Amino acid sequence: MKTFISDLSKKEYPFNERVSAKTIRHSVLSLIQKDHHDFSHESYLSKSELNHYREKAIREYLLKGKKVLTELENTVLTSMKENTTLADKIEEEEQKVTLGQKIADKVATFGGSWTFIISFICFLLIWISINAFWLINKGFDPYPFILLNLILSCVAALQAPVIMMSQNRQEEKDRDRARKDYMINLKSELEIRTLQEKIDHFITDQQMEQQELQKSQTELLNEVLRRLDSRDRKD
């Protein structure tokens with residue numbers, strides 16, 4: 001297998017891992033040259049070494065005004081370093097839902113629906129009608145319906161904390177979703193920034209190549225003119 005020697009670490013790597021310094025954006029190249037002063041535009045390094053300095057450059061960018069990176073920012077850095085898609089990783093993460101949480105969600109969903117409201121109104125009307133009209137206040141719960149008030153108080157006392165449990169879980173899901181959105185947006189911003197630097201670097205290199213080509217063409221044209229001029233003088 002064909003290999004090459006990295007000018008950065010002087011180690012041997014597969015040839016398909018070789019990266020020219022000319023293709024490295026300036027922010028990363030400056031970091032490399034801080035550690036290796038002899039590294040020039042004519043040098044080569046491996047992809048793994050380049051990824052290390054890319055991560056270092058992004059880390060320094062994120063650390064502006066901070067002392068340490070957050071867990072979310074470290075996750076984004078890992079994703080960029082490993083060249084993986086962050087959205088797929090986030091979608092694969094599933095929270096384990098306990099039986100109590102499932103019951104709380106169903107109670108909250110049912111308690112906030114028109115089905116519950118209409119059903120409960122019908123229950124109250126039937127209860128009052130049976131005791132007040134059919135049993136003429138001599139039944140199991142005569143007016144002022146003390147047993148009904150007790151049932152309503154028990155339902156309210158149990159329903160309120162269950163709904164609060166469901167709301168707390170929903171807030172936790174919203175916070176988790178916000179964290180995931182932050183990670184995706186942060187990675188998108190860093191990728192766009194990296195892409196913009198690459199484009200700027202590519203445009204700069206193209207301009208330099210064009211200038212070199214124009215210079216060579218000018219020198220060649222001057223040489224041709226000198227030869228023609230010398231020939232005319234001889235004639």
Side-chain angles (χ1 to χ4, degrees), residues 1-67 69 72-89 182-235:
M1 182 176 63
K2 192 176 181 181
T3 60
F4 79 101
I5 302 298
S6 171
D7 295 316
L8 199 65
S9 61
K10 308 303 179 184
K11 294 181 180 179
E12 189 175 6
Y13 292 94
F15 190 79
N16 58 2
E17 292 285 323
R18 192 178 73 163
V19 179
S20 173
K22 296 178 181 179
T23 63
I24 303 174
R25 66 181 190 271
H26 294 293
S27 59
V28 179
L29 184 60
S30 61
L31 283 177
I32 297 175
Q33 290 175 339
K34 281 182 181 178
D35 297 336
H36 304 271
H37 300 289
D38 57 342
F39 193 83
S40 65
H41 284 82
E42 305 301 325
S43 304
Y44 294 91
L45 76 165
S46 67
K47 288 183 181 179
S48 58
E49 293 170 330
L50 177 59
N51 289 336
H52 170 73
Y53 278 96
R54 279 177 178 171
E55 181 188 1
K56 188 176 179 180
I58 295 172
R59 186 178 294 274
E60 288 188 0
Y61 171 74
L62 293 175
L63 276 173
K64 288 181 180 178
K66 299 180 182 179
K67 293 183 178 180
L69 296 180
L72 302 182
E73 291 170 339
N74 283 322
T75 303
V76 173
L77 280 177
T78 303
S79 175
M80 295 187 68
K81 180 180 178 181
E82 297 175 354
N83 198 23
T84 57
T85 305
L86 190 61
D88 295 340
K89 183 179 178 182
Y182 169 74
M183 286 192 293
I184 293 175
N185 292 335
L186 177 60
K187 185 177 180 183
S188 300
E189 179 184 350
L190 294 175
E191 292 284 4
I192 292 172
R193 181 174 177 271
T194 302
L195 181 61
Q196 184 176 2
E197 288 184 358
K198 287 182 179 179
I199 293 174
D200 292 340
H201 184 56
F202 176 75
I203 292 174
T204 303
D205 287 343
Q206 289 292 103
Q207 290 175 346
M208 291 177 62
E209 288 180 3
Q210 289 178 359
Q211 289 175 358
E212 290 292 331
L213 181 61
Q214 289 175 356
K215 184 178 178 181
S216 300
Q217 290 175 344
T218 303
E219 291 176 352
L220 181 60
L221 181 60
N222 290 333
E223 180 65 24
V224 172
L225 290 175
R226 280 197 299 270
R227 290 182 180 180
L228 290 175
D229 186 50
S230 61
R231 182 180 299 176
D232 291 339
R233 288 179 181 178
K234 289 179 180 180
D235 294 338

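Treat the numbers as computed from the prediction; the structure is a model and nothing was measured.
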Test side-chain contact (heavy atoms from CB on, under 4.5 Å) applied to Asp35 - qualifying residues, sequence neighbours left out = Tyr53, Lys56
message = Going by salt bridge (Lys or Arg N to Asp or Glu O under 4.0 Å), name the residues that satisfy it together with Glu42, two or more places apart in sequence or in a different chain.
response = Lys22
From [atom1] ([X]) to [atom2] ([Y]), nearest 0.5 Å:
X	Y	atom1	atom2	result
Arg18	Asp7	CZ	CG	9.5 Å
Leu29	Lys34	CG	NZ	11.5 Å
Arg227	Asn222	CZ	CG	12.5 Å
Phe39	Gln33	CZ	CD	7.5 Å
Glu17	Ser48	CD	OG	6.5 Å

Identify the two heavy atoms, one from [X] and one from [Y], that lie closest to each other, and give their separation to 0.1 Å.
X	Y	result
Ala21	Ser40	CB-O, 3.1 Å
Asp38	Ser43	O-OG, 4.2 Å
Phe15	Phe4	CA-CD2, 3.9 Å

message = For a side chain to side chain contact (heavy atoms under 4.5 Å, CB included) check, start with the C-alpha distance between Ile5 and Tyr13, then their side-chain angles and the critical distance, and finish with the verdict.
response = CA-CA 6 Å; Ile5 302 298; Tyr13 292 94; over 6 Å; no
request  = Go through the steps to decide whether Leu213 and Lys215 satisfy the test side chain to side chain contact (heavy atoms under 4.5 Å, CB included), and finish with yes or no.
outcome  = CA-CA 5 Å; Leu213 181 61; Lys215 184 178 178 181; over 6 Å; no
task = Return yes if a side-chain donor-acceptor contact under 3.5 Å exists between Ser216 and Glu219, otherwise no.
result = no
query = Any donor and acceptor pair, going by atom type alone, linking the side chain of Thr218 with main-chain N or O of Gln214 inside 3.5 Å?
reply = yes
task = Compare all side-chain heavy atoms of Leu45 with those of Ile32 and state whether any distance is below 4.5 angstrom.
result = yes
ask   = Below 4.5 Å, heavy atoms only, C-beta onward: do Glu49 and Ser9 meet side chain to side chain?
value = yes
